[in-house]
Structures are given as structure tokens and as C-alpha cells.
Amino acid sequence: MDKEKIDIRSLNVWFGKKHVIKDVNMKIRPNAVTAVMGPSGCGKTTLIKAINRLNELIKISRTTGEIFIDKQNVYGKEIDVFELRRQVGMVFQKPNPFPKSIYENVAFGPKLHKMANDKELDAIVEKSLRGGALWDEVKDRLKDDAFSLSGGQQQRLCIARALAVEPDIILMDEPCSALDPAATAEIETLIRELRQRYTVIVVTHNLQQAARISDFTAFMYVGKLVEYGLTKNLFEKPENELVEQYITGKFG
Amino acid sequence: MVRLLDSGLDQLTAMVVKSGEVAKKAVNISFCSFMDGKDTIETVRSLSDKICFLTTEIEDKAFELIVKYQPVASDLRIINSYMKIAYDFERYGRYALDILFAQNRLAEANKCINSTDLMNKLIEKVYTMVSISIEALKEHDGEKAKTLANIEEEVDKLYFSYLERLAEMTERNRTIMCNLLVVRYLERIADHTTYVGEAIVYVSSGEKIRLR
């Protein structure tokens with residue numbers, strides 16, 4: 001991988017005395033979907049939250065190492081964390097729309113970042129909802145409460161909300177685990193589309209989902225990056241026996 | 001830990017091994033009959049049909065396992081390879097039948113004694129390859145499977161020597177035509193044993209190689 005969007009170097013993360021990420025080195029390609037897999041508690045979520053420095057919201061966390069996005073160290077002193085979190089958006093496990101209208105959910109970020117006036121805001125909302133593959137379904141009811149949407153629509157709204165602040169990178173932490181199969185299919189299709197414009201990193205417990213949607217897959221175990229490579233190779237012929245055991249269900 | 005997939009894989013393995021054993025039996029009867037001039041075509045036809053039936057069953061089982069369990073890694077390699085191997089065994093059986101068919105149509109069975117040294121060697125080597133391919137399958141032994149490459153080279157040499165010998169002959173008769181077809185079928189069986197070998201290497205190590 002010679003061309004990377006994100007370059008993680010010697011990353012270590014502790015929560016108190018617990019060492020949860022252990023010397024991870026990883027280069028992540030732009031315009032690709034990278035899946036992060038591994039057993040519960042292996043550090044998948046902590047790894048992706050290190051990219052936009054969300055771990056820092058936990059007071060007992062401590063991070064060493066470097067993460068470069070476009071050659072800029074996100075742990076450098078000059079970094080504006082507020083701006084970093086605009087550049088690196090995040091979608092969580094359960095759809096978490098704000099208790100506001102559909103329109104306001106999407107407009108919230110651009111307003112916060114003072115990215116647009118009212119007229120420009122309309123265009124951003126439309127563009128973001130189109131990007132989230134939701135526009136056609138909600139264009140006539142933008143003022144409706146976001147909670148009136150179905151689960152899959154709510155998650156696409158959250159993706160549209162992340163897109164509204166024009167990020168480069170989208171982190172997704174098990175984005176389909178609370179959705180039914182139809183809504184999951186919608187989100188998976190959307191993730192594949194998003195990779196054309198964004199660098200997407202998805203944490204998932206669902207092996208088949210990782211195989212379906214990702215170009216590259218990383219496998220983590222007790223805080224270490226055990227194997228990382230093309231998804232096709234990892235699912236056809238994993239190099240590490242632990243990965244073989246995990247993905248074939250022989251683990252434990 | 002026993003997985004739900006494991007019992008399905010065990011069943012699939014048993015079916016493929018059975019298909020291999022039936023194919024080996026068909027090849028053995030065919031070769032012996034060809035050399036001894038016996039007419040056993042109906043026995044071999046019945047065995048060949050049995051292999052075809054098993055191939056369909058293997059495909060059905062493989063699809064069932066894919067649909068139910070979405071296998072990956074070594075499980076997926078096994079299922080994919082077993083489907084290919086089942087087809088190769090079907091070809092063993094079909095060529096075994098073709099040999100006797102050529103003998104029946106072109107030469108009177110009891111007059112078609114083929115004890116030439118080259119034909120003897122060819123038959124012996126091809127039968128050895130069939131046996132090795134089935135043993136390697138049972139043991140998932142990639143190293144044993146790789147030994148097929150050398151024997152296949154020897155078979156090719158014998159095949160072309162035999163063709164040269166036939167080409168040099170001025171005489172033309174039905175037995176010669178029969179033998180021409182038979183050496184071709186033998187060479188094809190040998191090729192299919194190497195396909196089985198390649199599939200076994202893939203099962204055991206994930207390595208994609210060519211044994212020809």
C-alpha cells in the first residue's frame with residue numbers, strides 16, 4: 001500500500017492501566033472501505049476513535065504514537081480537534097438522530113461549523129441527503145420529526161448528517177447492528193457508494209458484511225493488529241491461524 | 001468446538017471420497033478389461049452413471065452448505081475444491097467407459113489384446129495417478145498431490161511416443177484406431193488427476209499451482 005489517506009504509526013492506547021491498543025501500525029487507502037474485525041474487546045472501536053481523537057473524551061485514556069491524515073499528524077500540537085472531527089465523521093451503532101426535524105439534523109453540523117448561510121444551507125441539506133441516499137424518501141417532509149423515520153432511514157439520516165460537514169473520512173462503528181436485513185442492505189449499498197468520494201472505515205462483527213462491503217480488512221486481537229490485507233485474500237486464505245479460526249467459527 | 005457446518009462438511013467429504021472410490025473401480029475394471037479383452041462395458045456404464053449421480057448430490061450439498069453457513073477460508077476452499085474434484089471423478093468414469101466403448105465399436109473385444117510395452121506402462125502409470133489422487137484427497141495431503149506432476153510428465157512422454165509409433169505404422173485397422181482413442185483417453189484421465197491434485201494443494205495450503 002504505497003498511497004495512504006491515513007497512516008497509523010506505533011499507536012498505543014491505555015484506559016487507566018489497561019493497555020487496549022498495542023503498537024498498531026496501519027496504512028489506510030483513500031476511496032476504499034476498510035473493515036476492522038475481531039472479537040469483542042479487542043480494541044476495534046478504540047482504534048477508529050483514535051483517528052478523530054474521540055478517545056480523549058474518556059478522561060482516563062492515554063495515547064502514544066502518531067496518526068497522519070494526508071501527512072498531518074492528528075496528535076500534533078497545531079491540530080484543531082474541532083476541525084479534525086469535521087474532517088473525520090462518525091456514524092454509530094444505533095441510529096442517533098437529534099430530537100429535531102429531518103432538516104435540522106442535517107443542517108446542525110454546517111451551522112455549528114459556520115459553513116453556510118440559510119440559502120446555502122438548503123443546498124447542503126439536499127446534497128447531504130442525496131449522499132445518504134435518503135433525499136427521494138424525505139424531500140416532501142423535511143420538517144417532520146427525525147424519529148418518524150424507520151430505523152434504516154434514521155441511520156441514513158445519521159450518515160447524511162456526517163456528510164453535511166464535508167468530511168474526507170467516515171468512521172462507522174457497527175452501523176447495521178441495530179437494523180433489520182432490508183435496512184442493512186440499504187446501508188451496505190450506501191457504504192459501497194460512499195467509497196467513491198470518501199475513505200470509509202467500518203467496525204463490524206458481521207463477517208459476511210465485512211466480506212461484502214470492504215476492500216481491505218484488518219483483524220485485531222487483544223489490542224494488536226494481527227492481519228491486514230485485501231478482503232478477498234483474508235477471507236479466502238488468511239495467513240494467520242488465529243484469523244482462520246475466528247472467521248471459520250472455530251475460535252474459543 | 002463442533003460447528004453446525006462440520007457435520008455438513010463430513011457428509012460432503014464422504015460423498016466425494018465415495019465418488020472417488022467408484023471412479024477408481026470403474027477405471028480399474030475398464031483398464032483390466034481393455035488389456036484382457038473382456039466385455040464389461042455395462043458394469044462400467046453403471047459405475048459411470050453412479051458417479052454422475054453423486055456429482056449432482058455433491059453439488060446440491062455444497063450449495064446447501066454455502067447458503068446455510070456462508071463458509072470462508074479453509075471451509076470455502078474445501079467446498080469449492082470438492083465441487084471441482086467431483087467433476088474430475090465424473091470424467092475418470094466417463095473416460096473409463098469411453099475406453100470400453102471404443103474397444104466395443106472399433107475392435108472385437110476378444111481380439112483387441114493390447115499387451116504392447118508402451119500401452120502397459122501408460123495404463124499402469126495412469127492407474128497409479130488415479131490412486132494417488134484419491135489417497136491425497138482422503139488425507140488432504142498436498143505434498144502427495146504434488147507428486148502427480150512428475151508422473152504426468154512421464155505419461156505425456158509415453159503418450160507422444162505411442163502416437164509416433166502409430167504414425168509410423170503403414171497398416172491401418174480398427175484395433176489401431178481403437179488404440180489411438182484409448183491412449184488419448186488415458187492421457188485425459190491423467191490430466192484430470194492433476195486437476196484433482198491442484199485442488200487438493202489449494203485445500204491444504206491455499207496455494208494455487210499447476211501440476212501440468
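By convention in this document, chain letters (A, B, ...) are assigned in the order of the sequence lines, proteins followed by strands, and residues within each chain are numbered from 1. This structure is a prediction, so every number in the text was calculated from the model and none was measured.
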Table please: side-chain donor-acceptor pairs of residues 6-13 of chain A below 3.5 Å, with sequence neighbours left out.
{"unit_1": "A:Asp7", "atom_1": "OD2", "unit_2": "A:Arg9", "atom_2": "NE", "d": "2.9"}
{"unit_1": "A:Asp7", "atom_1": "OD2", "unit_2": "A:Arg9", "atom_2": "NH2", "d": "3.0"}
{"unit_1": "A:Asp7", "atom_1": "OD2", "unit_2": "A:Lys27", "atom_2": "NZ", "d": "3.4"}
{"unit_1": "A:Asn12", "atom_1": "OD1", "unit_2": "A:His19", "atom_2": "NE2", "d": "2.9"}
{"unit_1": "A:Asn12", "atom_1": "OD1", "unit_2": "A:Asp23", "atom_2": "N", "d": "2.9"}
{"unit_1": "A:Asn12", "atom_1": "ND2", "unit_2": "A:Ser10", "atom_2": "O", "d": "3.3"}

B:Lys50, NZ atom: more than 12 neighbouring heavy atoms under 6.0 Å: no
Spatial distance of atom CG (A:Asn206) from atom CD (B:Gln70) [nearest 0.5 Å]: 9.0 Å
Atom CZ of A:Phe147 with >12 non-hydrogen neighbours under 6.0 angstrom: yes
Chain A contact residues among residues 9-29 of chain B, heavy-atom distance under 4.5 Å: none
Inter-residue atom distance B:Leu5.CG - A:Lys250.NZ, 0.5 Å rounding: 8.5 Å
B:Lys121 atom NZ, neighbour heavy-atom count above 12 within 6.0 Å: no
Other residues, nucleotides, ligands: >12 heavy atoms within 6.0 Å of B:Arg94 CZ: no
B:Phe101 atom CZ: more than 12 heavy-atom contacts under 6.0 Å: no
Atom pair OG1 (A:Thr248) and CZ (B:Arg3), whose distance is rounded to the nearest 0.5 Å: 5.0 Å
Interface residue of largest heavy-atom contact number with chain A, from B:Val2, B:Asp6, B:Val72, under 4.5 Å: B:Val72
Atom pair CD (A:Gln208) and OH (B:Tyr69), whose distance is rounded to the nearest 0.5 Å: 13.0 Å
Nearest-0.5 Å distance, OG of residue B:Ser74 to NZ of residue A:Lys237: 13.0 Å
